[in-house]
Amino acid sequence: MSKNKINRPLQLMLQLIMGNTIKQADWQDQNKISTRSVQRDVSDINEAISTINFPAELKTIKLDNHVAYQLSTSNQLDPKIIITLIKTILATRAFNDEEIHLIIDSLLDQADLNIQQVVSKTIKNELSLYSPVTHQKSLLDLIWLFSQWIKDQTTIKFSYKNSKNEVRHLSGLPTGLIFDTYYFYAIIHFHATEHHPARDAQYRLDRFKNTTPIQEHIDFPHRQRLEEGKIRQNNNLMQIGSLIHVEFEYYGNPEVVLDKFPMSKIKLGGATNKFKIHEINKNGFKMWALSQGKNIKITYPQSLVKEIIEDTSAILNLYK
């Protein structure tokens, strides 16, 4: 048997492992062999897969009305999961155009060609109308870097531009990474100083600049595990501010409140449902309450009631 005859099935297998779909006619023309020889190559690959229990299946499919071969591995994602993930990621609008295509292509690579075509067709219109948030920053590398710094408990120094375009130069310990309403946030722990006690604060990931690891050690009570889920539950839109207890009446569908604040307690009352939230960020809750218009009436605390009245009066004055 010639060396070429031995190498040919190996070359075919390598191309299939790389995710390529090979048309029978193309392989036949490329190697100047008969259809029977192609079928023999495929048979040799199937025998090898079976012999070593390789976690894959060589499939014969139709591609553009031609016989083609494709390797389907057992670690491929379920197509239902792929399309669900893609739809969810598109809805976040968090990634710029380059990264959203990279993410989608990476997910599609986990499916065979037929599934790729179905999913691509399903999301075509939504992808063509995709509009990322305005910052246009690349996030994937930052997400990975911060994940590593959190795992390794690495202190960093960084520059940060806030919403007022003020730049601050800080150093702290990344302890968490969360996503909420369009943006990723890093939770940074700062040690106590003569001006501030030890504290945690959240910063939008796209606003970090000149971020580098440093040798400075910052103590953090790691036994008190950071609960990113709890932070997301009690801080609407990741606002800065204190936590308060609130009580309110809600005249709309109670699911709106329960879905937004899953830790809230409800007392059903027909047309009026009463809610209590033990701990919620005041500024974040006030922004949400104002967005609910006449569907909500805050009953506690009175300090928040006063702020709502002042804010709504200021809104009315805009229309005079």
Side-chain angles (χ1 to χ4, degrees), residues 88-95 130-137 160-166 168 176-188 199-207 227-320:
T88 302
I89 293 167
L90 284 169
T92 69
R93 299 179 52 217
F95 300 96
Y130 177 74
S131 179
V133 290
T134 55
H135 64 70
Q136 291 293 321
K137 299 289 179 61
Y160 186 82
K161 181 186 286 188
N162 63 23
S163 58
K164 299 177 181 178
N165 287 325
E166 300 168 340
R168 300 180 64 193
L177 186 66
I178 62 178
F179 175 82
D180 184 75
T181 317
Y182 305 132
Y183 306 112
F184 284 90
Y185 295 84
I187 310 300
I188 306 294
R199 69 195 193 282
D200 297 299
Q202 56 267 7
Y203 294 89
R204 261 177 52 178
L205 202 59
D206 57 281
R207 293 178 174 170
E227 297 180 340
E228 287 99 333
K230 186 175 181 180
I231 293 173
R232 186 182 294 107
Q233 286 181 2
N234 63 25
N235 195 338
N236 178 50
L237 300 176
M238 296 294 111
Q239 295 295 301
I240 297 172
S242 58
L243 297 178
I244 62 170
H245 174 89
V246 297
E247 298 179 16
F248 57 95
E249 297 174 356
Y250 195 78
Y251 310 114
N253 188 335
E255 288 183 0
V256 173
V257 180
L258 294 171
D259 289 344
K260 183 64 179 177
F261 306 108
M263 70 294 195
S264 60
K265 304 297 182 183
I266 182 173
K267 182 179 180 181
L268 296 174
T272 303
N273 297 300
K274 296 181 179 181
F275 288 88
K276 293 181 180 181
I277 304 178
H278 178 60
E279 278 190 338
I280 191 72
N281 178 277
K282 185 185 77 171
N283 293 332
F285 178 78
K286 185 171 73 169
M287 290 178 68
W288 175 81
L290 287 168
S291 75
Q292 297 304 298
K294 63 181 182 181
N295 282 331
I296 187 171
K297 178 184 177 182
I298 297 171
T299 57
Y300 182 87
Q302 283 303 307
S303 58
L304 182 58
V305 173
K306 182 180 177 181
E307 288 186 30
I308 291 289
I309 292 172
E310 291 173 350
D311 287 351
T312 50
S313 296
I315 292 171
L316 287 172
N317 286 333
L318 292 175
Y319 293 92
K320 289 182 179 179

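By the 30° and 60° cut-offs, the orientation of the rings of Phe285 relative to Trp288 is tilted.
Under a 3.5 Å cut-off, the side chain of Lys276 and the backbone N or O of Lys265 do not form any donor-acceptor pair. Asn281 places a side-chain N or O within 3.5 Å of a backbone atom of Gly284 that can act as its donor or acceptor partner. Formation of a donor-acceptor pair under 3.5 Å by the Arg204 side chain with backbone atoms of Tyr185 is not found in this model.
Atom CG of Asn253 sits about 9.0 Å away from atom CG of Asn273, to the nearest 0.5 Å. We find the CG-NE2 distance between Asp206 and His135 to be 4.0 Å, quoted to the nearest 0.5 Å.
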Legend entry - Working for salt bridge (charged side-chain N to carboxylate O under 4.0 Å, His left out), residues Lys286 and Glu307: CA-CA 9 Å; Lys286 185 171 73 169; Glu307 288 186 30; 3.0 Å; yes
Inset, instruction - Start with the C-alpha distance between Ile266 and Val257, add both sets of side-chain angles, then the distance that settles side-chain contact (heavy atoms from CB on, under 4.5 Å), and finish with yes or no. - result: CA-CA 9 Å; Ile266 182 173; Val257 180; over 6 Å; no
Legend entry - Test log, rule side-chain contact (heavy atoms from CB on, under 4.5 Å), inputs Tyr250 and Val256: CA-CA 9 Å; Tyr250 195 78; Val256 173; 3.5 Å; yes
Inset, instruction - Start with the C-alpha distance between Ser303 and Lys282, add both sets of side-chain angles, then the distance that settles side-chain contact (heavy atoms from CB on, under 4.5 Å), and finish with yes or no. - result: CA-CA 11 Å; Ser303 58; Lys282 185 185 77 171; 5.9 Å; no
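Open room surrounds CD on Glu255; 12 or fewer heavy atoms of other groups in view lie less than 6.0 Å from it. Counted within 6.0 Å of OH on Tyr182, heavy atoms from surrounding residues, nucleotides or ligands total 12 or fewer; the atom is thus considered open. By the 6.0 Å contact criterion, NE2 on His278 is open, its count of non-hydrogen atoms from other residues, nucleotides or ligands being 12 or less.
We find that Lys274 and Glu247 are not joined by a salt bridge, their nearest charged nitrogen and carboxylate oxygen being 4.0 Å or further apart.
Taking the six-membered ring wherever Trp is involved, the centroid distance between the rings of Phe248 and Phe261 does not fall below 6.0 Å. Remark: aromatic rings of Phe184 and Phe95 are close, center separation under 6.0 Å.
Counting heavy atoms from C-beta outward, Ile280 and Met263 have side chains that approach closer than 4.5 Å. Between Leu177 and Ile187, every side-chain heavy-atom pair lies at or beyond the 4.5 Å cut-off.
Across every non-hydrogen atom of Phe275 and Leu258, the tightest pair is CE2-CD2, 3.9 Å.
Here Lys297 pairs with Glu249, Tyr251 under the side chain to side chain contact (heavy atoms under 4.5 Å, CB included) rule; sequence neighbours left out.
Shown are Val246, Ile309, Thr299; of these, the side-chain contact (heavy atoms from CB on, under 4.5 Å) with Leu304 is made only by Val246.
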